[in-house]
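Have a look at the structure below before the remarks.
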There are 2 protein chains.
Amino acid sequence: MGFGLNRLERQALLHQAIEENPFVTDEQLAAQFSVSVATIRLDRQMLAIPEARERIRRLAEGLQDSVRALEADEVVGTLSELSLNHFAVSTFTVERIHVFSRTEVARGHFLFAQINSLATALIDAKIALTARSELRFYRPVFLQDTVTAKVEVIAQRGRVSKCKAVSYVHDNLVLGGFIWMLANPLAITERFQSAAWVTLDEEDMF
Amino acid sequence: MGFGLNRLERQALLHQAIEENPFVTDEQLAAQFSVSVATIRLDRQMLAIPEARERIRRLAEGLQDSVRALEADEVVGTLSELSLNHFAVSTFTVERIHVFSRTEVARGHFLFAQINSLATALIDAKIALTARSELRFYRPVFLQDTVTAKVEVIAQRGRVSKCKAVSYVHDNLVLGGFIWMLANPLAITERFQSAAWVTLDEEDMF
DNA sequence: GTTAGTCTTAGCACCAGGTACTAAGTGCCG
DNA sequence: CGGCACTTAGTACCTGGTGCTAAGACTAAC
């Protein structure tokens, strides 16, 4: 592989190879292209491609960022309005990872996740968990669409808040229904001992 | 910070510190805990914590894996049984990214995602979309728990399948309810022109 | 053919962030 | 006081690099 290439050809392929597998070392690349390690290093320098350890570190940092973003925001989508215990609005742009590759239609659970995150942020409590949901999915959402969701508290009984949820793409209703949130469930750390949670029955779900 | 600790205290905090920031080097840790680099190395060895470069590499590899998994699978969780148009079972182990960091309780939308993915896989059609859901969340699920979900077609009218959905951790009911799936929606590519989809009304939702 | 220029290579010193091991403290406990 | 757990310093070695210089190979122009 990679014999009889001139410098420009090799550099183009080099770029590609590193993109494909960022974990590859200069030594492996040298073997792959039948040149010396020194040549690979010069090529990398010309192409401004960082060394393997740096490439790996950047990958890992990207991951770190996304994990942190998820932890920090607690919201899928970007929160644009928030009035605690009243209503909240977020927008969410559908990316490649959210769609069925064949049809470019967003998977339903991402639409649910937006609503669910929004409802979690809306409840003014240290901890808020989803207790129930009733949702209708009216229209498919496509790659690149921006979905605007609004969740609104419409009733509250004890620790349970009933919220009305809707989401739109432009003026087209995408999803609508209700989601019930439970604030500060007792004894959350006593795994599956949390009686207060389990005993919520239909009566509590107004 | 970190003065006057004995070995066990220091090792516990060390574990925590590295988990929080996997990019930290032994030198930084040594400074943080006011001990020598050698001590940190011995501690890491005892705790079987790999070196910084290895930690970073694993993070980066995990990222690659997870991106691929999401693109490849189409299913959140691992499909363990599938009888098309009849029932399907999957398991899903709750990881760090799925939980609220404070409480280590899984976010509701991941539980939904498991059910939704399973229902999508279950319907024997080129394309299947979520049309409606009614779910109760009975118990919180924690980090490291393995959730087993079953979705079962209980009725079918035209292109709509009504499915019963449940998920458990061991024998504890976590989530239960119904999800309606729409098979082969017409004109899916005509964005928001898909009349057949929008005109589904309550009548169709048996 | 010679010469100039480009491209490639080898060799060397140096670096961070380690591993693996030995030897020498240090502090506390009975 | 001895003995043991713990900590530290020091050494040699490792990988996957950087940065530099000097030398060789090839080509193209004169």
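The chains referred to below are lettered A, B, ... by the order of the sequence lines, with proteins before strands, and numbering in each begins at 1.
Look at CZ on A:Arg10: it is 7 Å from P on C:dT9, rounded to the nearest Å. One interatomic measurement links the two molecules: CZ of B:Arg57 to C1' of D:dG17, which rounds to 16 Å at whole-angstrom precision. For B:Phe23 and C:dG18, the CZ to P distance is 13 Å, given to the nearest whole Å. Separating the CZ atom of B:Phe33 from the C1' atom of D:dT8 is a distance of 18 Å, rounded to the nearest angstrom. Rounded to a whole Å, the CD atom of B:Gln28 is 11 Å from the C1' atom of C:dG17. Taking atom CD1 of residue B:Ile40 and atom P of nucleotide D:dC6, one finds them 15 Å apart after rounding to whole Å.
As judged by a 4.0 angstrom heavy-atom cut-off over every strand, B:Val37 is placed among residues making no nucleic acid contact.
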For nucleotides 18-26 of chain D, read 5' to 3', which letter fits each nucleotide if B means a protein heavy atom sits under 4.0 Å from the base, S means only the sugar-phosphate is that close, and - means neither? BS-------
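The side chain of A:Thr39 contributes no N or O atom lying less than 4.0 Å from OP1 or OP2 of C:dT8.
Taking A:Asp26 as the reference, A:Arg41, A:Arg44 meet the salt bridge (charged side-chain N to carboxylate O under 4.0 Å, His left out) condition, with sequence neighbours excluded. Every residue was checked against the salt bridge (charged side-chain N to carboxylate O under 4.0 Å, His left out) condition with B:Glu152, not counting sequence neighbours, and none meets it.
At a cut-off of 3.5 angstrom, the base of D:dG17 holds no donor-acceptor pair with the side chain of A:Arg53.
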